[in-house]
Amino acid sequence: MIAKVIVDAPARDTDRPFDYAVPDKLAPLVRPGVRAAVPFGPRTLNGFVLAVEETSDMDPSRLKPLKSVLDAAPVVTEELLDLAGWLSRKYLCPQYTALTALLPSALKTKTETVFEAAVPPSSPDVPESLRELLAYVDRRGRVPEKSLLQAFADRAELLTSAILLGLLTESKEVKDRLGMKVQLCVRPSASAEALTAAADAARRRAPKQAELLDRLASLADEGGEPPLLAELARDSGIGPAAVKALESKGFCVVEAKELSRDPYADRRFEASRPLPLTETQAAALSPIRRAIEAKTYAPFLLHGVTGSGKTEVYLQAMQACLEAGREAILLVPEISLTPQTVNAFKGRFGDEVAVMHSRLSAGERYDEWRKIARRRVKIAIGARSAIFAPFTNVGLIIIDEEHESSYKQEESPKYHARDVALERASRHGAAVVLGSATPALETYLAAHRGVYTLLEMPDRAFGQAMPRVDIVDMRQELRDGNRSMFSARLREALATRLERGEQSVLLLNRRGYSTFVMCRSCGFTAQCPHCDITLTYHRSGRHSRCHYCGYTEREATRCPSCESEHIRHFGAGTQRVEEELAKLFPGIRTIRMDVDTTSTKGAHEKLLADFRERKADVLLGTQMVAKGLDFPFVTLVGVISADTVLRLPDFRAAERTFQLLTQVAGRAGRHQLPGEVVVQTYTPEHYSIQFAQHHDFRGFARRELISRRELGYPPYCRLALATLAHEDISRLVTSSERFAGELKKRFAELRGAGEEPELLGPVPSPIPKLKDRYRFQCMVKYRGETNVADALRASADALSDDVRKSKLSIQLDVDPQVLL
DNA sequence: CGTAGAAGCTTC
DNA sequence: AAGCTTCTACGA
């Protein structure tokens with residue numbers, strides 16, 4: 001028997017199955033989808049068994065035997081094995097990388113170095129200075145290198161000399177990143193009669209033993225959960241000595257019992273029943289329900305304004321899916337995976353739900369994943385990676401807030417959960433529901449072309465009004481002599497909230513920090529004449545550059561548009577806003593949320609909880625305050641500068657601005673108190689801001705699609721991005737040009753079909769230097785189903801010499817979301 | 001001629 | 001990716 005194994009050596013040369021002989025005693029365990037340890041050259045590596053076959057093309061004498069099998073049951077289903085192949089082809093990543101992406105991190109095993117004492121610590125060969133080290137290792141048996149380094153962090157040289165002197169033996173061990181959570185329990189191993197007899201005999205001499213024997217007897221008789229060792233000691237005072245004694249006499253065995261950590265075990269969920277649907281909701285639900293019942297692949301776009309009641313549609317679609325005997329997956333953006341969301345679904349479906357949440361520990365995530373793999377639940381809820389829930393009969397996949405950029409993974413494999421969802425659904429004959437108030441334009445256009453069925457919910461379910469949005473022209477503020485970052489309007493609105501004891505949220509968007517030049521008098525920003533993209537300001541060279549095509553211009557001292565001298569690069573931090581806030585409103589209580597204040601675990605939740613309990617008047621933060629928050633006393637949302645998103649050097653900047661403003665407007669006045677939104681901007685006339693003010697998605701989409709078509713951006717074409725990096729800039733330039741040449745050569749072959757992709761670059765990357773390596777990029781624009789992946793991979797392969805020899809790195813991103 | 005570091009090759 | 005072998009440049 002031969003196993004085809006993808007090994008943990010993710011490089012071009014090794015990205016293919018290797019054949020191994022399967023020893024007879026492992027044969028029953030070796031199945032497609034299990035992990036195995038295999039010899040690979042002089043090393044031992046982990047791998048995934050792709051297939052089991054009778055024969056191999058290899059000379060049988062050269063086959064090595066598989067070392068061990070890591071899983072009693074496959075961890076990757078047949079369908080997901082195949083999907084991993086699809087991921088690797090579409091997103092140009094090694095198969096091993098694709099396979100690990102399917103699994104919870106707890107199963108991403110690595111080999112680690114472990115040390116053992118080669119001689120006893122008391123041996124005369126051990127120098128005095130190394131006694132302590134050796135004793136430490138000896139006490140523990142096998143010590144992972146990591147823990148040893150930690151324990152002797154300040155005395156690393158001791159470790160080195162111990163290794164050099166041969167006092168420690170070094171070996172590699174394949175380890176699971178985490179064992180299952182186990183506790184020891186006591187199980188009877190004799191008949192009930194024998195145990196009762198022994199209990200009677202021991203009654204006088206050893207009462208504790210007798211008590212345990214009684215319990216064991218009733219267990220053997222009636223069955224039930226064997227008691228935990230720890231429990232026995234705590235509740236009945238039966239210590240480990242008594243257990244040991246009985247175990248040695250063969251009355252019981254101590255076993256490791258696998259526990260499931262249910263993070264929601266001690267939480268109550270308010271049970272909820274299906275609500276009566278509005279007419280619009282019912283109209284949206286019925287085609288979804290029909291598709292689930294018909295078991296055919298059917299993608300939908302559910303376009304519903306904020307508050308239109310999409311959640312109830314999701315809930316009832318899931319209900320229909322469960323009734324059809326099939327499984328469902330719900331994806332939500334990580335940031336909105338809050339207790340609120342989880343409660344809504346746990347409340348309706350209770351124990352049928354597994355939640356994959358990044359705030360859970362690796363162990364808890366693994367347990368939730370196992371519930372899915374063991375078919376203990378029928379619904380999986382989670383962020384991006386939950387799309388790989390190992391169900392076998394998926395009937396429905398819902399992606400909430402489908403426009404969110406967090407559905408695109410920025411590490412390899414750089415997959416988009418929406419595309420994976422569509423791919424998986426087509427394999428299962430499942431319905432896909434893409435839900436959003438502000439769909440991605442790709443999705444919206446596809447729906448209009450009939451690729452997805454469009455379902456619309458244009459009104460709020462309970463008829464509430466949309467919040468009022470005020471746009472403040474910051475140019476006018478400057479003219480009126482206000483040089484601060486707070487407009488009179490926003491200052492006044494803040495003062496009113498302080499007076500009334502209501503709360504405010506202030507958003508300062510600085511994501512993808514990027515400086516650009518702007519005129520504070522007229523709002524002019526420098527754009528690329530070829531790409532209509534904001535030029536990025538480079539302080540060192542005192543120039544601005546387009547990172548799409550490389551166009552460069554010198555720093556201006558006067559505004560080319562209005563001749564004003566108030567032209568400068570732009571950007572302010574949360575800290576500065578906080579200071580200014582304190583100056584304006586002495587005694588104001590502010591909670592600042594940014595990378596600095598939320599870096600420690602749980603800090604994010606803590607800050608939000610404090611704000612909920614009204615321990616602060618203002619919540620000031622970046623991006624992360626914009627979404628999914630729902631606080632009853634927030635009646636004001638202020639956007640310090642809408643321009644920071646709008647002027648990002650990204651063709652999606654207008655779309656992001658519209659989405660952000662629409663989202664943020666949804667945060668205010670969600671309850672009884674009416675809400676108000678103040679948006680500060682230097683470009684109030686920009687259509688993204690205008691349409692957001694009037695909550696007009698359709699208007700925005702129509703306008704934005706026109707310019708996308710004119711400029712040749714998605715959704716009218718598709719993109720792929722190659723980023724090359726090297727520490728030596730001149731070699732990088734050479735390699736980049738060679739890479740571009742290879743690409744062009746291959747693209748030319750597609751010319752006949754009228755599908756020749758367009759190549760932009762090579763140009764310096766928007767982050768031109770990272771970790772001492774310079775970066776260049778090539779962007780590819782192509783249409784439809786043109787096979788660009790093969791050309792990219794082949795071109796990268798053509799430079800594989802440079803990659804290996806001169807440490808050039810080439811990163812490929814198909815359908816990039818963030819072009820920064 | 002010896003040796004150290006770089007470069008190349010192989011992994012079932 | 002990483003361990004092992006081969007190449008090659010330089011000092012004695």
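None of these values were measured; they are calculated from a predicted model. Values reported hereafter were calculated over all heavy atoms of this structure, with side chains retained and with hydrogens, waters and symmetry mates removed.
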For this session: Return yes if a side-chain donor-acceptor contact under 3.5 Å exists between A/Gln409 and A/His416, otherwise no.
Result: no
Residues that [X] engages under side chain to side chain donor-acceptor pair (under 3.5 Å), provided they are two or more places apart:
X        : result
A/Glu756 : A/Arg751
A/Lys745 : A/Glu742
A/Asp801 : none
A/Asp57  : none

Seminar exercise, completed: A correct 5'-to-3' footprint of nucleotides 5-12 of chain B, with B, S and - meaning base, sugar-phosphate only and no protein heavy atom under 4.0 Å, is ---S--BB
For this session: Could you name each residue pair satisfying ring-ring contact (aromatic ring centres under 6.0 Å, His included) that touches residues 3-42 of chain A, not counting sequence neighbours?
Result: A/Phe18-A/Phe40
Exercise. Which residue pairs satisfy the ring-ring contact (aromatic ring centres under 6.0 Å, His included) criterion with at least one member in residues 44-63 of chain A, sequence neighbours excluded?
Worked result: A/Phe48-A/Tyr96
Exercise. Which pairs pass side-chain hydrogen bond (donor to acceptor under 3.5 Å, both in side chains) with one or both residues in residues 779-789 of chain A, sequence neighbours excluded?
Worked result: A/Asn787-A/Asp790
Exercise. In dot-bracket, 5' to 3', how would DNA chain B read with Watson-Crick or G-U wobble pairs under 3.5 Å, [ ] for crossing ones and | for pairs to another strand?
Worked result: |||||||||||.
For this session: Starting from P on C/dA1, measure out to CG on A/Leu45 and report it in whole angstrom.
Result: 12 Å
For this session: Please report, rounded to the nearest Å, how far the P atom of C/dG3 is from the CG atom of A/Asp8.
Result: 13 Å
